[in-house]
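The chain is numbered in sequence order, starting from 1. Bear in mind the structure is a predicted one, so any value in this text is a computation, not a measurement.
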Amino acid sequence: MKITKILFVCTGNICRSPTAEGVMRTLLDDAGMGAQVELDSAGTHGYHIGAPPDPRTQKAALKRGYDLSALRARMVVPEDFARFDLVLAMDAGHLHLLHRACPPEHRAKISLFMEGEVPDPYYGGAEDFEKVLELCETGARAWIARIARSA
């Protein structure tokens, strides 16, 4: 069985990309597909390297049954482009930065996590973190369906 390797990317790797990683991991496990997919998340910037997800992110996620506490922020490194099958950006700005950093032979692996963007909740309120969770659930379900079809 081929394992699909997916990297989720946002700015600092403390809000959107760890949410996507945690949601996807739980939904894959629930679908009995956890062993088929390897997940990670990273940031385009090194603002929070080694830090856990933002407390507001963790609080919102826990309310829906997603435990993000073990995740730690890291920055995208050049080796990620070769290692991962998919590099999924949370917004167009991340997509642009990833395309600039990625060797040409791996650019086809880069895309948006979902049609449209996952907005940054960092400077918002609790409702913004809830919105990110809803979008991540929608996006994760779409990717899981896509992976299941290709298996």
Working to the nearest 0.5 angstrom, can you tell me the gap between [X] [atom1] and [Y] [atom2]?
{"X": "I147", "Y": "I3", "atom1": "CD1", "atom2": "CD1", "result": "12.0 Å"}
{"X": "C136", "Y": "E21", "atom1": "SG", "atom2": "CD", "result": "11.0 Å"}
{"X": "R25", "Y": "D67", "atom1": "CZ", "atom2": "CG", "result": "11.0 Å"}
{"X": "L95", "Y": "L112", "atom1": "CG", "atom2": "CG", "result": "5.0 Å"}
{"X": "T44", "Y": "L97", "atom1": "OG1", "atom2": "CG", "result": "5.0 Å"}
{"X": "D40", "Y": "I6", "atom1": "CG", "atom2": "CD1", "result": "11.5 Å"}

Would the distance check show the side chain of Q58 and the main-chain N or O of P53 forming a donor-acceptor pair, the cut-off being under 3.5 Å?
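Such a contact is found between Q58 side chain and P53 backbone.
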With the 4.5 Å side-chain cut-off for hydrophobic clustering, are [X] and [Y] part of the same group?
{"X": "V23", "Y": "L88", "value": "yes"}
{"X": "F113", "Y": "L27", "value": "yes"}
{"X": "L98", "Y": "L86", "value": "no"}

Show every salt bridge (charged side-chain N to carboxylate O under 4.0 Å, His left out) that has at least one partner inside residues 105-120, sequence neighbours left out.
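Listed by first then second residue: R16-D120.
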Kindly state each residue pair satisfying ring pair (Phe, Tyr, Trp, His ring centres under 6.0 Å) with at least one member in residues 51-98, sequence neighbours excluded.
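Counting only pairs at least two positions apart or across chains, no ring pair (Phe, Tyr, Trp, His ring centres under 6.0 Å) contact touches residues 51-98.
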Where G125 and D128 come nearest, the two heavy atoms and their spacing:
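Closest heavy-atom pair between G125 and D128: N-OD2, 2.7 Å.
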Identify the two heavy atoms, one from D91 and one from V118, that lie closest to each other, and give their separation to 0.1 Å.
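Of all heavy-atom pairs spanning D91 and V118, the closest is CB-O, 4.4 Å.
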Determine, step by step, whether M114 and R141 satisfy the side-chain contact (heavy atoms from CB on, under 4.5 Å) criterion, reporting the C-alpha distance in whole Å, the side-chain angles of both residues, the deciding distance to 0.1 Å, and the verdict.
CA-CA 10 Å; M114 59 189 308; R141 286 185 184 107; over 6 Å; no
Candidate list H106, K5, R74, test side-chain hydrogen bond (donor to acceptor under 3.5 Å, both in side chains), partner D80, passing option
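Only match with D80 under side-chain hydrogen bond (donor to acceptor under 3.5 Å, both in side chains): R74.
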